[in-house]
Amino acid sequence: MTRNSEISYLDYNATAPVLPSVARAVADHISAFGNPSSVHRSGREARSIVEAARESVAELAGANAQDIIFTSGGTEANALAIRGLVNAGACGSVLASAVEHPSVLAHVNKEDQIAVNEGGQIDLRALEGILKTRESPVLISLMLANNETGILQPIAETVQLAKEYGALVHCDAVQAPGKVPINFQSSELDAMTLSAHKFGGLKGAGALVLKDGLPIAPDIFGGGQERGRRAGTENVVGILAFGSAARFLMSAEMDLARIRQLRNRLEAEILGQVPQARIVGHDVERLGNTCCVIVPGVSSEIQLMKLDLANVAISAGSACSSGKVAPSHVLLAMGIDSVAAKCATRISFGWGNVDQDVDRFLHAWLPLVTSQAV
Ligand code: PLP
């Protein structure tokens with residue numbers, strides 16, 4: 001795969017570069033202007049692009065094509081899952097782990113956010129304690145992998161618990177494709193969120209995977225698209241790119257072991273050379289591409305700026321919240337104090353990375369942190 005050797009892009013959890021095969025598919029179809037709802041030939045061509053992509057996304061997700069509701073991305077799919085299931089009467093209230101993405105937490109009352117342990121994983125006993133007190137069916141929203149730390153959540157155990165209490169489970173799996181296996185049906189989930197730009201598609205396309213037969217109220221209404229579940233003319237090219245990226249992931253070897261090795265080499269160097277450094281989630285199950293590191297005394301902003309000048313792209317906490325100085329809610333929920341949390345950075349690898357990227361990072365980063373760490 002081609003790579004830009006001038007820049008070390010180490011921010012795949014924020015967004016992944018568009019895959020070359022996706023870029024080619026987009027270029028080939030950029031003039032496919034038909035409206036998929038039109039009955040004439042251009043419309044039918046656009047419809048067939050959308051439906052072919054739906055098949056590919058469904059296969060990647062381990063779901064049926066009719067379970068896929070295309071949205072404008074992960075944020076909208078999360079809103080649709082939560083508000084749509086509540087508004088359709090499928091559940092009466094929503095619980096979520098305290099480390100969910102803001103696009104989930106925005107829909108969840110503070111008192112309904114479930115604590116996580118020091119390892120960043122949901123406290124299943126606290127969850128059960130709340131489930132016991134609820135009379136009407138509950139929706140539990142739990143992410144598969146955290147975007148800031150890469151920490152994986154105990155989805156199977158949560159689904160098991162949910163069954164005992166008649167609860168539904170929605171999983172924000174935005175960070176999973178191409179990094180860890182996903183299978184909607186065998187995981188026995190009720191709803192699952194995906195976003196195309198996190199694995200080589202375009203921004204502005206995502207999906208909610210919804211269990212067959214579950215009622216959902218559209219969050220955006222005023223048109224019958226997506227079988228009445230999400231109104232608005234489909235983003236045909238974005239959806240095409242989504243399907244194309246899904247097909248690539250299913251057909252290609254994603255180099256996961258190689259990516260994990262790069263991440264592990266980076267962490268070994270960090271821990272070996274900076275005794276004050278702490279790798280968040282080092283001892284728990286997490287994505288093989290993600291390194292969240294805290295160096296007390298060296299603010300994330302300083303680290304980011306220094307690395308940007310050295311042509312290395314990383315994030316402070318989550319990219320969605322970078323640019324704001326507030327410490328990450330994920331790290332705070334894990335019991336990390338706010339002073340330390342403001343010194344956290346996230347390095348996330350992907351298919352385009354090579355050893356040179358680790359070297360470039362270390363070359364720029366080590367002199368900074370070794371001189372300032374406290
Ligand atoms: N959920 C998670 C875990 C994410 O990492 C993100 C993006 O950072 C989103 C949801 C939002 O997805 P989108 O950018 O497609 O709106």
Side-chain angles (χ1 to χ4, degrees), residues 9-18 22 57 60-61 68-83 94 96-108 113 116 120-122 140-153 155 169-180 182 189 191-209 219-220 230 232 235 238-239 241-243 245-246 280-281 286-287 289-292 313-324 328-331 333 344 346-350:
Y9 183 77
L10 296 172
D11 205 11
Y12 276 70
N13 288 9
T15 196
V18 176
V22 172
V57 171
L60 177 76
I68 305 294
I69 306 171
F70 284 123
T71 65
S72 65
T75 299
E76 187 194 325
N78 282 340
L80 175 60
I82 298 175
R83 301 204 314 199
V94 187
S97 86
V99 295
E100 296 302 306
H101 190 265
S103 59
V104 165
L105 290 181
H107 307 286
V108 182
Q113 295 181 16
V116 295
Q121 290 173 316
I122 190 167
I140 303 164
S141 187
L142 185 63
M143 67 203 327
L144 188 44
N146 187 272
N147 44 305
E148 299 184 32
T149 60
I151 291 169
L152 302 177
Q153 293 294 339
I155 298 293
V169 181
H170 161 248
C171 179
D172 175 349
V174 162
Q175 290 293 339
K179 298 174 189 156
V180 278
I182 42 165
L189 291 165
M192 183 170 89
T193 292
L194 296 174
S195 173
H197 75 94
K198 301 288 184 179
F199 61 97
L202 301 181
K203 287 151 196 72
L208 181 68
V209 190
D219 208 34
I220 297 176
R230 196 276 188 184
N235 170 6
I239 290 172
F242 192 2
V280 179
R286 65 193 162 122
L287 297 175
N289 80 317
T290 308
C291 166
C292 176
I314 61 163
S315 271
S318 81
C320 310
S321 61
S322 61
K324 76 174 188 206
S328 142
H329 71 284
V330 173
L331 302 180
R346 176 189 70 190
I347 301 113
S348 52
F349 291 88

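Both counts, for ligands and for their atoms, begin at 1 and track the order of listing. Model, not experiment: these values are computed from the prediction.
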Just so I know, are the side chains of [X] and [Y] near enough to count as touching, which here means a heavy-atom distance under 4.5 Å?
X	Y	result
Thr149	Arg286	no
Arg230	Ser72	yes
Val108	Ser141	no

Within the 4.0 Å heavy-atom shell around [X], which atoms of ligand 1 are there?
X	answer
Gly73	15 (O)
Asn147	3 (C), 5 (O)
Met143	3 (C)
Asp172	1 (N), 2 (C), 3 (C), 10 (C)
Ser195	13 (P), 15 (O)
Gly74	12 (O), 13 (P), 15 (O), 16 (O)
Gln175	5 (O)

Under 4.0 angstrom from ligand 1, any heavy atom of His197?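 True for this residue.
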At a non-hydrogen distance cut-off of under 4.0 Å, which region of Lys198 contacts ligand 1 (side chain, backbone, both, or neither)?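 The side chain, only.
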Under-4.0 Å heavy-atom contact with ligand 1, by part of Val174 that carries it: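 Side chain only.
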In Å, rounded to the nearest 0.5 Å, how long is the span from CD of Gln113 to NE2 of His329?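 NE2 of His329 is found 8.0 Å from CD of Gln113.
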Roughly how far, to the nearest 0.5 Å, is the CD atom of Glu76 from the OG1 atom of Thr71?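 Reported to 0.5 Å precision, the distance equals 4.5 Å.
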Heavy atoms only: which of Lys203, Glu148, His101 is nearest to atom 6 (C) of ligand 1?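 Checking each option, the heavy atom nearest atom 6 (C) of ligand 1 is found in His101.
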Ser195 (side chain) donor-acceptor with Lys198 (main chain) under 3.5 angstrom: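 Checking the backbone N and O of Lys198 against the side chain of Ser195, no donor-acceptor pair under 3.5 Å is found.
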Examine distances only and state if a side-chain atom of Glu100 and a backbone atom of Met143 form a donor-acceptor pair shorter than 3.5 Å.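 Looks like yes, one N/O pair under 3.5 Å.
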Quick one about Ser315 and Asn13 (side-chain donor to acceptor, distance below 3.5 Å, no hydrogens or angles considered), yes or no?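 Not at all, the side chains of Asn13 and Ser315 share no donor-acceptor pair under 3.5 Å.
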